[in-house]
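Just so we're clear, the structure is a prediction, and the values are computed from it rather than from any experiment. Order of the sequence lines sets the chain letters (A, B, ...), proteins ahead of strands, with each chain counted from 1.
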Amino acid sequence: MKTNKILNISNDLRWQIGDGFHDKLTEGIYSDAAQIAQNSVFKKGATKHFRFDRVLDKIVTSKIWGFPIMILILSVVLWLTIIGANYPSGLLSQLLLDTIHPWLKETTISIGFPIWLAGFLFDGVYLALAWVIAVMLPPMAIFFPLFTLLEDFGYLPRAAFNLDNLFKKSGAHGKQALTMSMGFGCNAAGVVATRIIDSPRERLIAIITNNFSLCNGRWPTQILIASIFIGAMVPKGFAGALSTLSVITIALLGVFFTFAVSYFLSKTLLKGEVSSFTLELPPYRPPVFWKTIYTSLIDRTLIVLWRACVFAAPAGAVIWLIANISIGNITIAHWMIEHLNGFGFLIGLNGVILLAYIVAIPANEIVIPTILMLTVMSVSISGVGEGNGVMFELESATATGEILRAGGWTLLTAVNLMLFSLLHNPCSTTIYTIYKETKSVKWTVIASVLPLIIGFVVCFIVAQVWRILV
Amino acid sequence: MASPITYLLVFTAVIILLVVLFYPKGGIYWRLKNSFKNDSKTLIEDILKKLYHAEDGGNSLSTNDIISSTNIRPKKIIETIAQMEANQLINFNNGTIKLTENGMDYALRIIRVHRLWEKYLSEKTGFDKKDWHDIAEKMEHKLNTKQAKELATNLGNPRFDPHGDPIPTEFGEIEAIQGKPMPVFKEGTIGRIVHIEDEPDIIYQQILAEDLHIGSHVHIVENNEKRIVFHSEGEEYVLAPIVANNITILQLLKDEILEENTFRLSSLKENESAKIIGISNECRGEMRRRLLDLGFVLNTTIELDLISPMNNPRSYLVRNTAIAIRNEQAKFILIEKIKNHANSN
């Protein structure tokens, strides 16, 4: 009886308070806070720093200089990453692949390991791990600190501010420009970076479309295939320019798909998610250099690398096993390649490529070595490679090209591989990260399957049209 | 191997088939699903709502009126109406249908769910204004009384839906809408928009396109058979009377009238400064809370800080912090411009 009375009173009061209650409360809090601040905070001199900010802001967000500055900075960061990573990558792969790998194998066999065990452990698990570390670590260790420095300095929010209108048109958030650029380094890190987007709908869009940023693991594939097949179409002098152009085209195509898929998602699947836009432009600060480098190495690089390793090890095992276990008189790999060939042909690829993408889900970096190994195995080329289940890469692009052509590759296969490398499911590290960030199986599945479907459709159409025309 | 042309044709056929089946709203799959779901419960509830709205507007409906206002088979409607009479939801009176007390209660329950759901959509989801009505139309048949109560509690027992319609209480009490349609008022009237009708859809879309907000103050400057002209928040609007008829306004008392100096933040220019008067009621849910949290509250002074290369968004200085918001949001923030004194230093 008594509780009912209280409830009734509270209901009545609620009706009397009206709708503006929340607003009034916030106003109250602010005016109290302002009063307290006025009574107790004293400013000295003040506003000098603020003016420097303003001048810089006017330049980096101006109509004339805003975009050129942004493109320049992104190009420099990417250039430093791609060029700079070559040297440490070379050293690491010499150490891990060319020196430690044979040594491990010989030593263990000489102390009495059976050959199959040494093969499984070192040709399979160790090699995949080493490969991922050698190609993945250096670019990330360069790219992320640079990015974090820009972020700390305060430039990145301005870039988001400049670009927001473009992203708004496809229903996305300006900060997606940042997570997208981060995705050029590593999609998993790009997905983690979407935490800066505070609006739930736009954040999901950024997560799902991050995969369309061509990541560090895929640039080398693009560059290699472009120089072997596309550069070869024109006289030597133009080869470099044309293959560079084709790689850039693929990256831009990725940006196009980012926008198109963002638009599609915001109009359909994500229509009902809450959306709210605000962007704080913090004052510029000199970045704390060493601290920034340290935290970006720990927070971004090492976490991503650790996840990649966790997934790469079993993948290496699987790659070795399917190439070495036979059912009847053919290996599992042979059997799968034969069954995938039909569908592969339909989308202008082949069974080897599809199988490589299935077993190399953990990291795009090991796709090319896996393709080479499988090709050599399936067309039985003798004299190259290291044996069944041992991934390898060749020093010269010409030799690689010869193997691939022997495997039945044409210009169409190359173009479609470049397209498929852009448009396929994210690597398992990214998929796991998406699950961690969204805590939703549904969005994880959509983010994984959607690009794959797009990839199949695009490759299919290109293949058919190509066959009609050529 | 078949020829590439065959493959392409098969592929195109599959795509066309998928589009025909699953095209949003119009697709065959959705239609089939709807027609199965259109069971007698839904139909009864839809008819009750029609009757309620007619009676609320002082009209009455006959069986023929109901048949002609839907595209469901007449036979089914006649059967349903007979069933409703047997269940004592309605009775006949000189050929027109009247709601019984039971029928009225039932109708109000449905309307309560509909309006609560619209409120929910506006506060807790990101669905667009123009989609609220259709979604609520479906949900109103799904929630039972207990769920409706839970929903209302979670929303803080709201009194009005986002269009300004009163939400019936769980005991079926409903407040009358105060105010009258806009064309009733004389030139020179100053009033506040309290309700915007969301049916029929064509007119509602026109009102949405004009970007008018519930809670805005309007000043009618011209009112004749051809057009109604009024000022609101620093802009001039011209509407046809048939459109204006769906906007309800409440005349303001003298002391409620704000100064004519009210503008939208989106109209603030460089080197002008202003004081925030408030955030429009049309800005709801998460977005509203964010703006409040960032300090867009009453009496805060605000200045334009930066304009991005494509004009949108713009950043504003609020309490010495630069905060960028889009022009679409800046429209919701109402300001009073501060007269620019000549620089005193």
Heavy-atom distance under 4.5 Å to chain B: side chain of S62(A), backbone, both or neither?
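For S62(A), the backbone is the part near chain B, not the side chain.
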
At a heavy-atom separation under 4.5 Å, does E280(A) approach chain B through its side chain, its backbone, both, or neither?
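Interface part for E280(A): both.
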
Sort out for me which of [options] touches chain A most, counting heavy-atom pairs under 4.5 Å.
options	value
R288(B), E286(B), K124(B)	R288(B)
G285(B), G295(B), P4(B)	P4(B)
I307(B), N327(B), I279(B)	I307(B)

How long is the span from the [atom1] atom in [X] to the [atom2] atom in [Y], to the nearest 0.5 Å?
X	Y	atom1	atom2	result
F296(B)	E27(A)	CZ	CD	14.0 Å
N162(A)	L306(B)	CG	CG	9.5 Å
F161(A)	M310(B)	CZ	CE	10.5 Å
R54(A)	D305(B)	CZ	CG	4.5 Å
L294(B)	L279(A)	CG	CG	10.5 Å
L292(B)	Y30(A)	CG	OH	8.5 Å

Strictly below 4.0 Å, N to O, side chains only: are E270(B) and K58(A) in salt-bridge contact?
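K58(A) and E270(B): salt-bridged.
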
Heavy-atom pairs under 4.5 Å with chain B - which of D198(A), I64(A), D164(A) has more of them than the others?
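Option with the top pair count is D164(A).
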
Between chain B and each of D57(A), L270(A), L163(A), T278(A), count heavy-atom pairs under 4.5 Å; write down the option with the most.
T278(A)

Heavy atoms under 4.5 Å from chain B: which residues of residues 165-173 of chain A carry them?
N165(A), L166(A), K168(A), A172(A), H173(A)

Looking at every heavy atom in both S315(B) and L281(A), which two are closest together, and how far apart are they?
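Minimum heavy-atom contact is CB-CD1, 3.6 Å.
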
Between A324(B) and F277(A), which heavy-atom pair has the shortest distance, and what is it?
O-CE2, 3.8 Å

Within a radius of less than 6.0 Å around [atom1] of [X], do more than 12 heavy atoms belonging to other residues, nucleotides or ligands occur?
X	atom1	value
I29(A)	CD1	yes
Y263(A)	OH	no
K129(B)	NZ	yes
Y23(B)	OH	no

Please flag which part of [X] lies under 4.5 Å from any non-hydrogen atom of chain A: side chain, backbone, both or neither.
X	result
D128(B)	neither
R326(B)	both
D131(B)	side chain
L291(B)	side chain
R314(B)	backbone

Donor-acceptor pair, distance only, cut-off 3.5 Å: does the side chain of R201(A) make one with the backbone of G126(B)?
yes

Run the side-chain donor-acceptor check on residues 460-470 of chain A: report pairs under 3.5 Å with partners two or more places apart or on a different chain.
{"unit_1": "Q464(A)", "atom_1": "NE2", "unit_2": "L346(A)", "atom_2": "O", "d": "2.9"}
{"unit_1": "R467(A)", "atom_1": "NH1", "unit_2": "F345(A)", "atom_2": "O", "d": "3.0"}
{"unit_1": "R467(A)", "atom_1": "NH2", "unit_2": "F345(A)", "atom_2": "O", "d": "2.9"}

